[in-house]
Amino acid sequence: MTEQIRHWINGAESEGKPARAGAVYDPATGQQTADVDFAGAADVDRAVAAATTAATAWRRTSLSRRVKVLFALRELVDRNRDALAAAITAQHGKTLDDAHGEVQRGLEVVEFACGIPSVLQGEFSADVSTAVDAYSLRQPLGVVAGITPFNFPIMVPMWMHPIAIAAGNAFILKPSEKDPTASMLVAKLWQRAGLPDGVFNVVHGDKETVDAILDHPGIAAVSFVGSTPIARYVYERGTAAGKRVQALGGAKNHMVVLPDADLGVAADAAVSAGYGSAGERCMAVSVVVAVGDIADGLVEAIAERTRELRTAPGNADGAQMGPLITREHRDKVSGYVAAGESEGATLVVDGRKVSVDGDGFFLGPVLFDHVTPRMSIYTDEVFGPLLSVVRAASYDDALSLVNANRYGNGVAIFTNDGLAARRFTDEVEVGMVGINVPIPTPMAYFSFGGWKQSLFGDTHVHGKHAVHFYTRTKAVTARWPEPDAERAMHLGFPTAT
Ligand code: NAD
């Protein structure tokens, strides 16, 4: 008997036979380990009803009580790191070490949300006119939803719900149907932390569930993270339904290596950022741009390190790279290796030769040299352990290449020249920039988001952008006249006196 993963609505797991369900796999063995209920419009409606009732009381709960719940959640996530990381590895496949890193980065957003009182503060001006004061308030939106991808089942939802809830909203999470268990563990931690039932809900499912969320008039805002075509769809359908939407999409992240860089340091960075989590990170480096005459040496240094990587089940000792998420995705990435070869790139390391016992969805690291911008391994987001090296004659050529790309999530430059790095930071059209840092994922108190087709909408996630996204401001002008003040009625537009 496989496990049945249910929705979490109003503080309890749903019951009964679902109309639709999906299969969940352990990617390291290729075996199905669970079934997950898929929500239809009626299930989403139940979740919205519970969240609406809960939101009414939650927004009136004092800031100090809300923050106590956040601090309790912080402690519980901290104490349950092992269980959360194990759940990630069992369904996503990434190494346990990497899963622990993900939990840590999610926890940092919970910690940011513990400080919500200071970022929710409004503004006040006394005497803007005679006996008139003005102030602004930040109020929650009500019920908000998050729709998240498979690749960070703890961290990406945590970019959203701790801040949304701390700000006084109720939250409905639709996690990836491929690794849904992590969200159920988090729902139970919220409950143990003292969050009232109905403030945090989880509905599982696919497009039908997402459409029900996007169309539901009781949901005020949607945060989405996933691939670019779905991000665009969610943004268009959600905003057409009158919602506030932020939709983060896919990526093609470049790492530019200037001729003065330390090639050993750059090669280490390319390997860790290219193959960590089997390349299934939206901030993974997928293109190394070798500037000037360093390419031969750099490719050799990357290849040497790549050949030593250990591809194995995520919970095996010494594993550095786990499997891909599904058999179809593994086959798709393998297909890109064949395409790269036939389009004329030089295959330096062929991950298809890696063999791991069992029927897991494994592919070893792949390294291509002499990749050009027209090849599909360059134009497409491969989202696997495939690193392409493009050769550029100069800094200007490298910059033009990055800026011509339709994605603008992350980019890195490796150099010892501070002026070149400063110029690059200014000129590059990408939302997150690393200087000698290959994966420049901002800390929780900054905001995370890309440019161009990596983001639809204008607010990034977590940090202050999230506080703005999950609240709306109200400006109040108040007059308390002296009891004996002269009364004068006039119909002119109000101006300060
Ligand atoms: P995905 O777009 O397939 O799925 C994301 C979410 O959308 C899931 O919850 C899924 O159930 C739902 N969905 C899938 N197909 C849908 C459809 N046709 N209509 C409506 N909803 C649908 O993405 P994924 O494969 O789970 O995740 C990988 C992608 O996410 C990559 O492209 C990666 O770059 C991106 N990503 C981006 C960021 C970022 O911050 N920009 C972060 C993590 C992942």
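In listed order, ligands and their atoms are each counted from 1. Everything quoted here is computed from the prediction, not taken from an experiment. Quick note: residue numbers are just sequence positions, from 1.
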CA sep, side-chain torsions, deciding dist, call: T228, Q453, side-chain hydrogen bond (donor to acceptor under 3.5 Å, both in side chains): CA-CA 7 Å; T228 286; Q453 291 188 28; 5.3 Å; no
Protein contact for atom 40 (O) of ligand 1 (heavy atom, distance under 4.0 Å): yes
Short side-chain to backbone donor-acceptor contact, N403 and E427, under 3.5 Å: yes
Nearest neighbour in protein (non-hydrogen) for atom 24 (P) of ligand 1: F150 CD2, 3.6 Å
For atom 15 (N) of ligand 1, the option (of D211, T209, V461, I230) bearing the nearest heavy atom: I230
Donor-acceptor side-chain pairing of S223 and Y470 below 3.5 angstrom: yes
Side-chain donor-acceptor pair present, Q4, D37, cut-off under 3.5 Å: yes
Residues R20, D43; criterion salt bridge (Lys or Arg N to Asp or Glu O under 4.0 Å); working and verdict: CA-CA 11 Å; R20 296 181 315 121; D43 302 296; over 6 Å; no
Contact partition for Y407 relative to ligand 1, non-hydrogen atoms under 4.0 Å: neither
Close N or O approach (E381, ligand 1; < 3.5 Å): yes
Nitrogen or oxygen of T228 less than 3.5 angstrom from that of ligand 1: no
The one among S176, S227, P175 that brings a heavy atom closest to atom 3 (O) of ligand 1: S227
Nearest non-hydrogen protein atom, atom 8 (C) of ligand 1: T148 O, 3.3 Å
Identity and distance of the protein heavy atom lying nearest atom 19 (N) of ligand 1: K207 CG, 3.4 Å
Sub-4.0 Å atoms of ligand 1 with respect to non-hydrogen atoms of N409: 41 (N)
From F448, W159, F224, Y233 - option closest to atom 7 (O) of ligand 1 by heavy atom: F224
F152, portion touching ligand 1 at heavy-atom distance under 4.0 Å: neither
Pairwise ring pair (Phe, Tyr, Trp, His ring centres under 6.0 Å) hits with a residue in residues 7-36, at least two apart: H7-H204
E3 side chain reached by T33 side chain, heavy atoms, under 4.5 Å: no
Side chains of N315 and T89, donor plus acceptor under 3.5 Å: no
Per atom 42 (C) of ligand 1, closest listed option by heavy atom (C282, A284, P153, P149): C282
Donor-acceptor pair between D26 and Q91 side chains, under 3.5 angstrom: no
Residue and atom name of the nearest protein heavy atom (relative to atom 21 (N) of ligand 1), distance in Å to one decimal: V210 CG2, 3.4 Å
Element-labelled atoms of ligand 1 that are located less than 4.0 Å from some non-hydrogen atom of N151: 43 (C), 44 (C)
By side chain to side chain donor-acceptor pair (under 3.5 Å) - contacts of Y336 (at least two apart): D380
Side chain S454, main chain G250, donor-acceptor under 3.5 Å: yes
Backbone or side-chain N or O of I147 under 3.5 Å from ligand 1 N or O: no
Nearest-contact summary for atom 37 (C) of ligand 1 - protein heavy atom, Å: G249 O, 3.1 Å
Numbering as shown, the atoms of ligand 1 that approach G205 to under 4.0 Å (heavy-atom distance): 11 (O)
Distance from atom 28 (C) of ligand 1 to nearest protein heavy atom, with residue and atom: F383 CE2, 3.5 Å
Min side-chain heavy-atom separation V77-R81 under 4.5 Å: no
Exercise: do K207 and Y233 side chains pair donor with acceptor under 3.5 Å: yes
E177, any N or O under 3.5 Å of ligand 1 N or O: yes
For atom 35 (C) of ligand 1, closest protein heavy-atom neighbour: G226 O, 3.1 Å
